[in-house]
Amino acid sequence: MDGGAAAGSSPPPPLHPAIAPLSFLLGRWRGEGEGGFPTINSFRYGEELQFSHSGKPVIAYSQKTWKLTSGEPMHAESGYWRPKPDGSIEVVIAQSTGLVEVQKGSYDAEHKIVTLQSELVGNAAKVKEITRVFKMADGNLSYVVQMATHLSSLQPHLKALLKKI
């Protein structure tokens with residue numbers, strides 16, 4: 001970055017060809033979601049996601065949620081998405097709870113869908129498996145997260161609908 005330029009005023013780096021198929025994700029997204037699971041009460045939340053790049057063949061990901069009524073922070077996570085030319089993708093995510101995920105999956109650039117399946121859920125006494133499906137339709141980004149624990153099979157946990165801001 002140019003030392004004399006104000007923060008944020010320099011042009012973004014060129015898009016690496018490896019992440020071009022997922023360029024629809026790039027930017028900041030905001031909206032609302034809802035969550036639940038057999039062992040917890042249902043809840044609603046506000047959310048902001050950001051997908052960014054530095055010109056390398058990886059997308060940086062960050063997410064934060066808050067209580068809709070008070071604005072109080074709830075959850076945060078960040079990580080990296082590494083798409084491959086064959087349509088596969090590797091994702092690592094660190095959650096504010098201390099849980100870490102290594103996910104593998106696939107993307108369909110034409111239909112703007114990313115499907116992820118956990119290869120590893122680390123530092124989690126109860127969570128055994130996590131899946132995430134991201135879809136873009138009508139200019140909105142939606143996702144569904146499913147989770148399995150030592151007591152419950154894979155089932156919906158979170159879903160949200162986000163608009164680019």
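- For Lys67, the side chain to side chain contact (heavy atoms under 4.5 Å, CB included) partners at least two apart in sequence or on another chain are Thr69, Ser70, Glu72, Met74.
- Under the 4.5 Å side-chain contact rule for hydrophobic residues, Met147 and Ile40 share a cluster.
- With rounding to the nearest 0.5 Å, the separation of CG in Leu141 from NZ in Lys135 is 11.5 Å.
- Cluster annotation: Val145 and Leu162 are assigned to the same hydrophobic cluster (Ile/Leu/Val/Met/Phe/Trp/Tyr, side-chain heavy-atom contacts under 4.5 Å, transitive).
- The shortest side-chain heavy-atom distance between Ile113 and Val133 falls under the 4.5 Å cut-off.
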Would you give me the side-chain donor-acceptor pairs under 3.5 Å for residues 116-126, sequence neighbours excluded?
| unit_1 | atom_1 | unit_2 | atom_2 | d |
| --- | --- | --- | --- | --- |
| Gln117 | NE2 | Glu129 | OE2 | 2.6 |
| Ser118 | OG | Ile130 | N | 3.0 |
| Ser118 | OG | Ile130 | O | 3.2 |
| Asn123 | ND2 | Gly98 | O | 3.1 |

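- Among residue pairs with one or both ends in residues 156-165, those qualifying as side chain to side chain donor-acceptor pair (under 3.5 Å) are Asn140-Lys163; sequence neighbours excluded.
- In this structure, Leu161 shares a hydrophobic cluster with no other residue, the cluster being traced through Ile, Leu, Val, Met, Phe, Trp and Tyr side chains under 4.5 angstrom apart.
- Interatomic distance, Glu47 CD to Arg30 CZ, rounded to the nearest 0.5 Å: 10.5 Å.
- Within the structure, the ring-ring contact (aromatic ring centres under 6.0 Å, His included) test picks out the following pairs touching residues 79-105 (sequence neighbours left out): Phe51-Trp81, Tyr61-Trp81, Trp81-Phe134.
- Residue pairs that meet the salt bridge (Lys or Arg N to Asp or Glu O under 4.0 Å) test with at least one member in residues 88-102, sequence neighbours left out, are Arg82-Glu90, Glu101-Arg132.
- Residue pairs that meet the ring-ring contact (aromatic ring centres under 6.0 Å, His included) test with at least one member in residues 85-116, sequence neighbours left out, do not exist here.
- The side-chain hydrogen bond (donor to acceptor under 3.5 Å, both in side chains) search around His16 returns none, not counting sequence neighbours.
- Between Pro38 and Ser152, the closest heavy-atom pair is CG-OG, 4.3 Å.
- In this structure, the side chains of Thr149 and Thr39 stay at 4.5 Å or more apart for every pair of heavy atoms.
- Leu99 and Tyr45 fall within the same hydrophobic cluster, where Ile, Leu, Val, Met, Phe, Trp and Tyr residues are linked whenever their side-chain heavy atoms come under 4.5 Å apart, directly or through other members.
- Side chain of Thr65 to backbone of His75: a donor-acceptor contact under 3.5 angstrom is found.
- Taking the salt bridge (Lys or Arg N to Asp or Glu O under 4.0 Å) definition, one finds that Glu34 meets it with Arg44, sequence neighbours left out.
- Residue Asn41 qualifies as open at atom CG: its count of foreign heavy atoms under 6.0 Å is 12 or below.
- The shortest distance between side-chain heavy atoms of Tyr143 and Leu158 falls below 4.5 Å.
- Counting heavy atoms from C-beta outward, Pro13 and His53 have side chains that approach closer than 4.5 Å.
- In terms of modelled atom types and a separation under 3.5 Å, the side chain of Gln155 and the main chain of Ser153 share a donor-acceptor contact.
- For the atom pair CD1 of Ile89 and CD1 of Ile59, the computed distance is 6.5 Å after rounding to the nearest 0.5 Å.
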Result block: side-chain N/O donor-acceptor pairs under 3.5 angstrom for residues 21-28, not counting sequence neighbours:
| unit_1 | atom_1 | unit_2 | atom_2 | d |
| --- | --- | --- | --- | --- |
| Ser23 | OG | Ala20 | O | 3.0 |
| Arg28 | NH1 | Glu48 | OE2 | 2.5 |
| Arg28 | NH1 | Gln50 | OE1 | 3.2 |
| Arg28 | NH2 | Gln50 | OE1 | 2.7 |

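- Taking Ala137 as the reference, nothing meets the side chain to side chain contact (heavy atoms under 4.5 Å, CB included) condition, with sequence neighbours excluded.
- The OG atom of Ser54 lies 8.0 Å from the CD1 atom of Ile19; values are rounded to the nearest 0.5 Å.
- Taking the side chain to side chain contact (heavy atoms under 4.5 Å, CB included) definition, one finds that Ser78 meets it with Ser62, sequence neighbours left out.
- Cluster annotation: Met136 and Val91 are assigned to the same hydrophobic cluster (Ile/Leu/Val/Met/Phe/Trp/Tyr, side-chain heavy-atom contacts under 4.5 Å, transitive).
- Both Leu15 and Val114 belong to a single network of hydrophobic side chains, linked directly or stepwise wherever heavy atoms of I, L, V, M, F, W or Y lie under 4.5 Å apart.
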